[in-house]
Amino acid sequence: MTTSMTTSTTTSTTNSTTAKLLSYPLNAWYPAGWDHEITSKGIISRTIAGRPLALYRTQDGHPVALADACWHRLAPLSQGKLMGRDEIQCPYHGLRYNSAGRCTAMPAQETLNPSATVASYPVSERYRYVWVWLGDPTLADPALLPDMHQLESDEWAGDGETIHAPCNYQLVLDNLMDLTHEEFVHSSSIGQEELSESEFEVTHDENTVTVTRWMRNIDAPPFWLKNMRDRFPGFEGKVDRWQIIHYTFPSTICIDVGVAEAGTGAPEGDRSRGVNGYVMNTISPETDRSCHYFWAFMRNYRLESQLITTQLRNGVHGVFGEDEAMLQAQQAAIDANPDHEFYNLNIDMGGMWVRRLLERALEAEGRSIAARAPAPAASSKA
Amino acid sequence: MITSRDDVWQKADVIAVDEVADRIRRIVLRPELPRPALPGEHIDVLATVNGEPQVRSYSVVEAPDNGGQLVITVFRTPESRGGSEFMHSLEQGQVLRITKPLQNFPLRVGAPSYVLLAGGIGITAIAGMAALLRRLGADYRLVYVARSRAAMAYLDDLAAVHGDRFEAHIDDEGGSLDVQALVAGVPVHTELYMCGPIRLMDAVRRTWADRGLDRTNLRYETFGNSGWFDAEPFVVRIPRLGVEAAVGSGESMLEALEREGVDMMSDCRKGECGLCQVKVLGLAGRIDHRDVFYSDRQKASDSSMCCCVSRAVTAAPPTTSGDRPAVLTIEVP
């Protein structure tokens, strides 16, 4: 007797959808904030993956992420005070919780109700970010943090900022996985027509997706010509330009970017006649229609120059401001056209693999792929 | 992990019933809306007691198949308020109303070490924690105490699974737990999770406080159903309202007063929140404080009590109680 593989197995669907509002996995590390934002002096309120959090540090410097709602009447703990070694006091009735989320003081009674706790989510501090795990805490393994080592390496220098992007986080991932948009969105800085003319290659495994694009013997766009001249004063001539996009589940994209003097062997591995940057991007969904987009631009040359660090951060700030405007407009158009679907182009190959990995994770968590929040009511001034 | 009290009711089929120890039954339910259950969670069950629907809580011992099955384990006590008797009457094929798993006793992941302490049927809340800590490779001890071996559900299984991390203390085999020694041997940042009779939990709480350990590292769950004395019938009077109620051994004072039509305030019904407290004006007998709301000092004063769990008993040793029940005179808000 023979068995047919096609009929005897019921593997889950391998088709990626193009849900316009993609839900987010919870069994994953998301950046909650920059290391410098979260302090033992005050509490910040931030929603990550739909969970409002009160973020602070203990007096010993350990970051803490508590659910931002008192057990009693749900008043926001983030409006309270830090007390003692690791406690937070509710601003309303003074209940206090320690960093494990356990109540340590209640008003008008001599005991503590043993049920009085708020969620204390696993946190991990690395690569200049405080990361939080909002899903099953028994799976929160720091070994699962994405590799962003350039952010804390002696061999790289740079800095970054946060964009509060008014769109579903997947739109940012789409944006970063396909850089042909640079020609149209960033025409004055990094855009050039060779971006959409050149071939690209996509590879993936169960946790990562990589998109590689080389543009040979081209003119350097203004941003890259400036960088070349920072390292090689007076540089003139053609360059070989690369963009190697490294996605890591769930929402980190580190892009190896640079240019080198044309024909000096950069595609073959010798980047000594070029300049190399890493665009570090990691995104936390906030709501179905907003996200915290943490980015930094790192470089591995002229490490001593704070001037260059500041110029690059300001330059990328301008470039990403153009993305932010587009993402906002795109989300608004998506919401204004609820009966329209997404269609895919060849250039979406990388972004589609990202969706596939996210959808598999959502299936494994038993959660639906599409976020179900209704579109905000359209404003009408008829 | 966060606590929850969301109580959406669903149907569940009884798919298996087994006697796993003396007067202890393991009941396997198949819920209509499966959901994975975490250690420390319980379900509320709608039991039928004297023809009336009443809510009872049972810890989820395990939830195989991602919560497609929920296993609970029920001890039938002679002083039962009728719930365990109903549960023991269940047979395969019957349908129950239950909630989804609810969390009031979350296990925190990441403590440097753990002691899990179960007294008798309290093992139902603790067994799942032990299984998880074992899976995570955590540093834990599982301590299981009971009066007799016959009354210990899952004893052999737990001993086999947890090996050196497991210890049993059985009173009638001369192996009673030395609470002082247990607490004295606990490393400073250890978290201790316990579920069992109130005598055991009170002893641990006092020893814990005496040693000056962080009180938030002592975690416990109480369903308010055990006391210092066996439950016995007593009389409660509210002079202002002209009410006199006989409280049966199988019901709470709160339930008896509600039955008499007294407009009572309450919430948790397990001796935690303090909303059901009443003032004690007079007492013939003594009060068996079964709550965790009052401090020892407050309990000693006997000036008020949590009527959802605490009871009056005759002052004499319980075995020689005469025909005259204890009498409580109270005032209610």
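We use all heavy atoms of the structure for the numbers below, so side chains are in, but hydrogens, waters and symmetry mates are not.
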Assess whether atom [atom1] of [X] is packed by more than 12 heavy atoms of other residues, nucleotides or ligands within 6.0 Å.
X	atom1	result
A/H164	NE2	yes
A/Y92	OH	no
A/R128	CZ	yes

Any donor-acceptor pair under 3.5 Å from B/R135 side chain to A/T138 backbone:
no
Indicate yes or no for a side-chain donor-acceptor contact from A/T111 to the backbone of B/S295 under 3.5 Å, with no hydrogens or angles considered.
no
Which pair of non-hydrogen atoms, one from [X] and one from [Y], has the smallest distance, and what is that distance?
X	Y	result
B/R215	A/E110	NH1-O, 4.2 Å
A/P114	B/E272	CG-OE2, 3.3 Å
B/R219	A/T117	NH2-CG2, 3.4 Å

With a 4.0 Å cut-off, would you call B/E191 and A/R102 a salt bridge?
yes
How many angstroms lie between OG1 in B/T216 and CG in A/L112, if you round to the nearest 0.5 Å?
8.5 Å
Once rounded to the nearest 0.5 Å, what's the spacing between atom CG of B/N217 and atom CG of A/N98?
7.5 Å
Apply side chain to side chain contact (heavy atoms under 4.5 Å, CB included) to the pair A/N113 and B/C273, showing each step before the final yes or no.
CA-CA 6 Å; A/N113 187 317; B/C273 74; 4.2 Å; yes
